[in-house]
Amino acid sequence: MKVAYYSPLPPSRSGIADYSTLLLPALREHVEIVLPRRRAAESDVALYHVGNDAEAHGWIVDALRKRPGVVVLHEYVLHHLVVGLTFARGDAAGYRAAMEREAGLVGYLLAHAVLDNKIPPLWETRPQDFPLAGEILDSATGLIVHSRFVEEHARAAGYSGPVWRIPHPAWPDPAAEPADLGGDPLYGCFGNLNDAKRIPELLRAFARVRERRPGARLLLVGSASRLLEGRFDGEEGVIRREYVDEATLWSLMAACDVHVSLRWPTMGETSGSAIRALTLGKPLVVSDVGWFSELPDDVALKVGEVDEIAAALELLATEPELRKRMGEAARRLAETEHRADRVAELYAAALEEAAGGVAVREAVQREVVTAAAEVGYEDTAELADRLREVGLGG
């Protein structure tokens with residue numbers, strides 16, 4: 001089977017580019033990958049990775065409009081993507097139309113107010129209230145999602161096509177040498193740093209921990225949003241790093257005793273940084289929302305407001321045996337549920353079904369049953385077992 005594979009790839013600084021770099025080698029063991037900008041028309045099915053960055057995914061949406069296919073919906077709220085494809089390109093009418101489709105007259109009027117500078121941009125204040133995923137869902141012949149959260153929201157929006165829930169693949173353990181940063185303990189938070197990552201709340205919680213544990217350190221790695229620029233200056237115990245290369249990232253992550261990955265609001269995203277923490281066998285502190293809520297309790301402490309964040313950080317500081325148990329469970333999860341070759345098998349099965357695999361299986365089953373009847377073979381149970389053994393059972 002030939003699959004046209006649409007995704008950002010390195011050197012794009014995109015989490016989905018990293019995701020595809022991890023998935024593609026394993027997926028090539030099952031299907032032939034066709035580079036879409038060269039021979040997409042030769043493929044049996046098209047696979048589109050859709051995220052919230054118009055710069056990285058705009059060309060993919062353009063291709064999806066021309067040829068519907070299977071969409072990997074990396075997050076459900078696509079408001080920022082739609083803004084980037086409409087208003088940011090000078091198409092104010094396109095943004096108003098998307099909002100009207102989402103919320104009728106109210107959506108249209110809100111969009112008009114935003115464009116007329118009467119109210120703050122909705123993509124900054126409440127994108128989760130207007131996901132704007134409708135066009136993508138309409139063009140999807142099937143959806144691959146990473147969480148029940150996204151699947152349920154797609155269904156609630158009226159999507160009736162096939163949905164396959166497939167875990168985010170995990171990286172193999174890089175055996176990275178931990179960076180020498182000190183900290184007793186060292187907490188780490190990785191990725192683009194913005195208000196949705198609850199960085200101000202994390203800093204307040206960490207300050208409480210520092211009152212009792214002056215040796216604690218908090219490592220913040222990633223580019224900071226405009227609203228958070230300078231927010232880390234003078235923060236006691238905070239170690240700051242901007243965007244780093246892959247080898248340095250693994251070294252910094254390996255140095256941390258606990259990884260923190262907070263969200264509010266959630267766009268329905270899966271955290272690549274949290275998956276990396278599983279690979280390294282590190283305990284997690286996460287927000288109790290979306291995909292993060294679906295992590296097993298033995299790998300992640302799930303928190304809400306500042307008091308709960310501080311309590312979780314303190315608990316993991318005082319209970320090294322708990323950290324060890326959670327780390328071991330995290331590593332097991334990465335090596336089983338999130339193993340890249342397992343994920344690739346699930347992708348291949350979904351793509352086969354999307355390309356007509358069900359119809360093919362049913363046709364072969366009918367042929368076998370007919371042939372069996374013609375030769376007088378009557379053991380239907382054995383026949384069914386043998387069909388399942390060769391991947392043709394239903």
Side-chain angles (χ1 to χ4, degrees), residues 8 12-17 48-62 64-65 71-140 145 147 149-150 153-154 156-157 159 191-201 222-229 231 261-272 287 289-292:
S12 171
R13 287 187 178 183
S14 159
I16 298 174
Y48 301 93
H49 289 267
V50 175
N52 227 342
D53 183 347
E55 183 177 348
H57 296 272
W59 68 277
I60 297 173
V61 175
D62 291 341
L64 176 63
R65 287 168 175 160
V71 171
V72 186
L73 199 58
H74 285 271
E75 46 204 319
Y76 180 71
V77 179
L78 298 178
H79 200 120
H80 297 87
L81 174 69
V82 173
V83 169
L85 296 177
T86 56
F87 175 65
R89 295 181 176 180
D91 181 13
Y95 180 63
R96 279 195 298 265
M99 282 293 294
E100 183 175 17
R101 170 186 177 146
E102 182 84 12
L105 178 60
V106 170
Y108 179 89
L109 293 174
L110 284 172
H112 187 80
V114 168
L115 298 173
D116 208 26
N117 292 317
K118 295 291 194 300
I119 62 174
L122 296 170
W123 53 90
E124 291 182 358
T125 58
R126 48 190 295 208
Q128 71 279 10
D129 293 334
F130 305 98
L132 303 186
E135 182 188 3
I136 300 301
L137 295 178
D138 279 354
S139 298
V145 301
S147 66
F149 179 90
V150 173
H153 278 71
Y159 183 76
N192 292 326
L193 306 176
N194 52 48
D195 280 345
K197 300 283 183 69
R198 312 209 73 199
I199 301 302
E201 289 79 6
S223 301
S225 69
R226 176 179 52 83
L227 295 176
L228 288 181
E229 284 180 3
R231 177 66 179 82
S261 190
L262 306 178
R263 292 292 189 285
W264 182 258
T266 179
M267 305 294 117
E269 72 278 26
T270 303
S271 169
S287 295
V289 296
W291 171 82
F292 301 90

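These numbers come from a predicted model, not from an experiment.
- Pairing each heavy atom of Arg89 with each of Asp62, the nearest pair is NH1-OD2, 4.3 Å.
- When atom types are taken as modelled, the side chain of Glu269 and the backbone of Glu75 share no donor-acceptor pair closer than 3.5 angstrom.
- In terms of heavy atoms, Phe292 sits closest to Ser261 at CE2-OG, 3.4 Å.
- At least one side-chain heavy atom of Arg198 sits less than 4.5 Å from a side-chain heavy atom of Ser287.
- The minimum heavy-atom distance linking Val82 with Leu132 is given by the pair CG2-O, 3.5 Å.
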For Val150 and His153, run side chain to side chain contact (heavy atoms under 4.5 Å, CB included): C-alpha distance rounded to whole Å, both residues' side-chain angles, the deciding distance at 0.1 Å, then the answer.
CA-CA 5 Å; Val150 173; His153 278 71; 5.8 Å; no
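- Side chain of Tyr95 to backbone of Leu115: no donor-acceptor contact under 3.5 angstrom is found.
- In this structure, His57 contributes its side chain and Asp53 its backbone to no donor-acceptor pair below 3.5 Å.
- Summarising the geometry, atom CG belonging to Leu73 is positioned 8.0 Å from atom CD1 belonging to Ile136; distances are rounded to the nearest 0.5 Å.
- Two residues are said to be in side-chain contact when any heavy atoms from C-beta on lie closer than 4.5 Å; Pro200 and Asp195 meet this criterion.
- Considering only heavy atoms from C-beta on, Asp138 comes within 4.5 Å of Arg101 through its side chain.
- Here the side chains of Phe130 and Leu110 are in contact, with some heavy-atom distance below 4.5 Å.
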For side chain to side chain contact (heavy atoms under 4.5 Å, CB included), just list the numbers for His112 and Glu100, CA-CA rounded to whole Å, side-chain angles, deciding distance to a tenth of an Å, and then say yes or no.
CA-CA 10 Å; His112 187 80; Glu100 183 175 17; over 6 Å; no
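- Annotation: His74 is in aromatic contact with His49 [ring centroid separation under 6.0 Å].
- At a threshold of 4.5 Å between non-hydrogen side-chain atoms, the residues Leu122 and Val83 do not count as touching.
- Considering every non-hydrogen atom in both Gln128 and Pro265, the closest pair reads OE1-CG, 3.4 Å.
- Considering only heavy atoms from C-beta on, Ile60 comes within 4.5 Å of Pro8 through its side chain.
- Between Gly51 and Ile16, the shortest heavy-atom distance links the atoms CA-CD1, 3.8 Å.
- Going from atom NE2 of His79 over to atom CH2 of Trp123 covers 6.5 Å, rounded to the nearest 0.5 Å.
- Annotation: the span from Arg263 atom CZ to Ser271 atom OG amounts to 5.0 Å, rounded to 0.5 Å.
- Within the 3.5 Å criterion, the main-chain N or O of Val77 finds a donor-acceptor partner in the side chain of Asn52.
- Applying the salt bridge (Lys or Arg N to Asp or Glu O under 4.0 Å) definition to pairs two or more places apart or across chains, those involving residues 113-136 are Arg65-Glu135, Asp116-Lys118, Arg126-Asp129.
- Closest heavy-atom contact between Pro121 and Val114: CA-CG1, 3.9 Å.
- No side-chain heavy atom of Tyr76 sits under 4.5 Å from any side-chain heavy atom of Val145.
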